[in-house]
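It should be emphasised that the depicted structure is a prediction, and the values quoted were computed from it without experimental measurement. Reckoned from all heavy atoms, side chains included, excluding hydrogens, waters and symmetry mates. Note that the numbering runs from 1 along the sequence shown for the chain.
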Amino acid sequence: MGITFTKDTAQKNLGHGRSTRKQCRRNSAAGIASAAFEKDIFINIDSSDRVAAYQQSWTATIEAIQAAFQAGSQIADKDSLDALYQQAGRALQGYEEGFLSVYRQLN
């Protein structure tokens, strides 16, 4: 849900200012990257070194998305965009908590 919300937030904001559009493209790419890292964790489940490396990459990507949502909320030129960024941040947090719960069960 959090990754889908990241993509949807990016799509909704593409019609706004240049800096917002640029940030949305980065957020969309980061969302795709985090999904790839998540997939790679499960594919390489038998290699603890690879899993740890992918998990670190996944965490860094999620943190970058969270920071981008916070920055987007601050530069949003409309209250509706601010609310959208905050809502996306909450959805991403829920996704992060859910994934980390599964990840901890694997280790």
Side-chain angles (χ1 to χ4, degrees):
M1 174 175 182
I3 295 303
T4 302
F5 212 93
T6 298
K7 178 182 163 249
D8 292 345
T9 300
Q11 291 298 320
K12 289 176 186 175
N13 285 324
L14 282 174
H16 296 281
R18 183 177 179 193
S19 63
T20 305
R21 283 193 307 268
K22 189 175 184 180
Q23 182 183 36
C24 290
R25 284 191 297 271
R26 278 187 254 132
N27 289 351
S28 183
I32 292 167
S34 67
F37 292 135
E38 179 181 342
K39 171 191 64 79
D40 289 337
I41 287 170
F42 292 109
I43 288 173
N44 294 286
I45 198 73
D46 60 341
S47 173
S48 59
D49 292 340
R50 284 185 176 176
V51 168
Y54 287 127
Q55 195 278 332
Q56 289 175 348
S57 296
W58 179 87
T59 299
T61 302
I62 294 299
E63 289 172 355
I65 295 170
Q66 289 171 337
F69 283 162
Q70 290 172 353
S73 181
Q74 292 172 354
I75 65 169
D77 58 352
K78 296 181 181 179
D79 288 342
S80 61
L81 288 178
D82 180 43
L84 185 63
Y85 275 115
Q86 291 184 24
Q87 187 178 17
R90 288 189 299 272
L92 184 64
Q93 183 179 6
Y95 161 71
E96 179 183 19
E97 290 169 0
F99 176 75
L100 289 175
S101 173
V102 171
Y103 177 78
R104 283 191 282 287
Q105 291 177 20
L106 295 174
N107 290 320

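- Here the shortest heavy-atom pairing between A33 and T61 reads CB-CG2, 4.3 Å.
- Looking at heavy atoms from C-beta onward, F69 lies out of side-chain contact with Q93 at the 4.5 angstrom threshold.
- The OG atom of S34 sits 4.5 Å away from atom OH of Y95, with the distance rounded to the nearest 0.5 Å.
- When all heavy atoms are compared, the tightest approach of I65 to G31 is CD1-N, 3.7 Å.
- Going from atom CD of E97 over to atom CG of L92 covers 10.0 Å, rounded to the nearest 0.5 Å.
- A side-chain N or O of Q55 and one of T59 form a donor-acceptor pair less than 3.5 Å apart.
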Output side-chain donor-acceptor pairs under 3.5 Å for residues 40-54, partner residues at least two apart or in another chain, one line each.
residue : atom : partner : partner atom : Å
N44     : OD1  : R50     : NH1          : 3.1
N44     : ND2  : D40     : O            : 2.9
S47     : OG   : R50     : N            : 3.4

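- Contact annotation: the side chain of W58 never approaches that of K39 to less than 4.5 Å [non-hydrogen atoms, C-beta and beyond].
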